[in-house]
Amino acid sequence: MKKRIFALLTAVIMVFALAACGGTPTLDEILSSDEWKQEEKTWNDSVASTGMSIKTSADGNTLVFEYHLPDDEAFNAFGDTECATITDAFLGALETGDFLGMFKEGYGLKLDAVRCAVFKADGTEIYRDEIK
């Protein structure tokens with residue numbers, strides 16, 4: 001799990017190297033860019049063996065990482081403890097690495113927060129946490 005989190009963090013940081021110069025894009029524009037979509041594909045490839053998928057979205061100026069769990073007996077039993085295991089280390093690594101500052105530096109856009117949310121297969125949100 002630590003390798004996946006590190007790979008995800010590394011992929012996010014790599015996106016900054018690909019950021020285009022010019023006017024400040026909106027978060028929606030950044031997330032719809034080909035570079036961001038490729039990074040999202042990389043993250044999904046890294047968790048494919050678990051059956052999970054990761055989607056990113058914008059909630060205003062909050063970057064949201066959505067973890068979608070498969071319809072599986074083990075995942076259906078997930079509660080706060082299991083969800084925290086998935087998201088807290090990732091958010092901690094982002095916070096330690098000053099992701100919010102790096103995002104502003106890379107894109108010129110100040111994020112209000114980064115949120116991780118976990119969803120069951122039926123679309124029900126079962127956990128969320130964020131850094132500001």
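This is a predicted model, so every value here is computed, not measured. Index from 1, following the sequence.
Taking the six-membered ring where the residue is Trp, Tyr107 and Trp36 present perpendicular rings, their angle passing 60° and hence far from 30°.
Under the 4.5 Å side-chain criterion, counting only non-hydrogen atoms from C-beta, Phe103 is in contact with Ile30. Here the side chains of Leu111 and Thr62 are not in contact, with every heavy-atom distance at 4.5 Å or above. Taking the side chain as every heavy atom from C-beta outward, Pro70 and Met52 approach each other to under 4.5 Å. Within the 4.5 Å cutoff, no side-chain heavy atoms of Leu91 are placed close to those of Phe65.
Considering every non-hydrogen atom in both Ala58 and Asp28, the closest pair reads CB-OD1, 3.2 Å. The two residues Gly108 and Thr24 make their nearest non-hydrogen contact at O-CG2, 3.3 Å.
Side-chain contact of Thr124 with Asp122: a donor-acceptor pair under 3.5 Å is present, judged by distance alone. With hydrogens and angles left out, the side-chain atoms of Glu66 and Thr56 include no donor and acceptor closer than 3.5 Å.
Considering CG of Leu69 and CD1 of Ile126, their distance stands at 5.0 Å, rounded to 0.5 Å. To the nearest 0.5 Å, atoms NE2 (His68) and NZ (Lys55) are separated by 5.5 Å. Rounding to the nearest 0.5 Å gives a distance of 6.5 Å between CD1 of Ile86 and CZ of Phe75. Atoms CG and NZ, on Leu31 and Lys37 in that order, are 10.0 Å from each other to the nearest 0.5 Å. Atom-to-atom distance recorded for Phe78:CZ and Tyr127:OH is 12.5 Å, nearest 0.5 angstrom. Atom CG of Leu94 sits about 5.0 Å away from atom CD1 of Ile131, to the nearest 0.5 Å.
Within 6.0 Å of the CG atom in Asp34, the count of heavy atoms belonging to other residues, nucleotides or ligands does not exceed 12. For Glu125, the CD atom is densely surrounded, since the number of other residues' heavy atoms within 6.0 Å is greater than 12.
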Between Glu130 and Lys132, is a salt bridge (charged side-chain N to carboxylate O under 4.0 Å, His left out) present by the stated rule, with each step listed? CA-CA 7 Å; Glu130 64 183 41; Lys132 293 183 178 193; 3.7 Å; yes

Which is it for Arg115 and Asp129 under the salt bridge (charged side-chain N to carboxylate O under 4.0 Å, His left out) test, yes or no, and what are the steps along the way? CA-CA 6 Å; Arg115 177 184 311 139; Asp129 196 9; over 6 Å; no

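The backbone N or O of Trp43 lies less than 3.5 Å from a partner atom in the side chain of Ser46, making a donor-acceptor pair. With Lys120 contributing its side chain and Asp71 its backbone, the two residues share no donor-acceptor pair below 3.5 Å. A donor-acceptor pair under 3.5 Å is absent between the side-chain atoms of Ser33 and the main chain of Glu29, judged by distance alone.
Residues Tyr67 and Phe119 place their aromatic rings such that the two centres sit no closer than 6.0 Å.
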